[in-house]
Amino acid sequence: ARSVSTFGAIPAMNPAYQYAALALQNPNLARADMTLALYAVNGTLLGFSSRTLERGERLLLELSELVPGTPVPPGSSVWVFSSRPIQMFGLLVDDRIRSVTPRLPVEATP
């Protein structure tokens with residue numbers, strides 16, 4: 001669990017059957033207030049949203065749901081800032097071949 005995590009280098013995907021998602025879980029006994037920010041590969045802020053996870057709550061979001069109306073370009077990254085340490089990991093989903101590939105935050109990668 002951590003208060004800040006980065007999920008970077010979103011690969012190019014075919015929107016007909018592939019997408020990236022983010023799984024979040026609050027293991028705390030109190031709510032966690034979060035800001036989720038989407039950045040382009042050059043570091044430009046594309047958009048952000050605020051969410052709250054109640055104690056013990058889980059949330060799975062497709063990246064396009066983070067900032068509705070803002071496309072998620074290849075190479076972009078998502079930063080999650082939370083008021084309390086929460087558990088998070090990314091997912092790459094391919095409905096065509098029925099696969100789900102988990103991705104750890106950049107900070108957790110050796």
Side-chain angles (χ1 to χ4, degrees):
R2 55 186 78 233
S3 295
V4 178
S5 286
T6 310
F7 297 90
I10 307 301
M13 293 179 277
N14 184 328
Y17 52 84
Q18 295 174 316
Y19 61 91
L22 192 59
L24 309 162
Q25 177 174 288
N26 181 4
N28 301 291
L29 296 177
R31 80 178 202 192
D33 298 314
M34 303 173 298
T35 299
L36 301 104
L38 177 64
Y39 290 92
V41 69
N42 67 0
T44 302
L45 178 64
L46 299 174
F48 67 93
S49 66
S50 297
R51 304 273 178 159
T52 297
L53 281 179
E54 296 299 329
R55 63 185 184 135
E57 188 176 18
R58 298 176 187 156
L59 179 64
L60 178 62
L61 290 171
E62 185 174 339
L63 292 189
S64 64
E65 296 175 304
L66 289 177
V67 184
T70 303
V72 181
S76 61
S77 61
V78 175
W79 288 62
V80 180
F81 305 92
S82 177
S83 62
R84 290 180 169 40
I86 61 173
Q87 298 164 333
M88 335 174 205
F89 66 93
L91 300 162
L92 297 178
V93 180
D94 188 320
D95 287 334
R96 184 181 48 129
I97 61 172
R98 298 178 187 229
S99 73
V100 177
T101 305
R103 295 181 71 191
L104 291 174
V106 171
E107 298 84 3
T109 306

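Once rounded to the nearest 0.5 Å, the distance linking CZ of Arg84 with OG of Ser3 reads 9.5 Å. Taken to the nearest 0.5 Å, the CD atom of Glu65 stands 13.0 Å off from the OG1 atom of Thr70. Atom CZ of residue Phe81 and atom OG of residue Ser83 lie 13.0 Å apart, to the nearest 0.5 angstrom.
Counting heavy atoms of neighbouring residues, nucleotides and ligands inside a 6.0 Å radius, atom CZ of Arg2 exceeds 12 of them.
Ala37 and Leu45 make their closest contact through CB-CD1, 4.0 Å (heavy atoms, listed as atom of the first residue, atom of the second, distance). The shortest heavy-atom contact between Ala9 and Ser77 is N-CB, 4.4 Å.
You'll find the side chain of Tyr39 stays beyond 4.5 Å of the side chain of Thr44, heavy atoms only. Pro105 is not listed as a side-chain neighbour of Thr6, based on a closest heavy-atom distance of 4.5 Å or more.
With sequence neighbours excluded, the residues that form a salt bridge (Lys or Arg N to Asp or Glu O under 4.0 Å) with Arg31 are Asp33. With sequence neighbours excluded, the residues satisfying side chain to side chain contact (heavy atoms under 4.5 Å, CB included) with Ser64 are Glu62. Contacts of Asp94 classified as salt bridge (Lys or Arg N to Asp or Glu O under 4.0 Å), with partners at least two apart in sequence or in another chain: Arg96.
Under the 3.5 Å distance criterion, the side-chain polar atoms of Asn28 are left unmatched by any main-chain donor or acceptor of Ala32.
The hydrophobic cluster containing Leu59, built from Ile/Leu/Val/Met/Phe/Trp/Tyr side-chain heavy atoms closer than 4.5 Å, also comprises Phe7, Ile10, Met13, Leu22, Leu24, Met34, Leu36, Leu38, Leu46, Leu53, Leu61, Leu63, Leu66, Val67, Val72, Val78, Val80, Ile86, Met88, Leu92. Cluster note: Leu60 groups with Tyr19, Phe89, Leu91, Val93, Val100 through ILVMFWY side-chain heavy atoms spaced under 4.5 Å, whether in direct contact or through intervening members.
Applying the salt bridge (charged side-chain N to carboxylate O under 4.0 Å, His left out) rule to pairs touching residues 35-57 yields nothing, sequence neighbours excluded.
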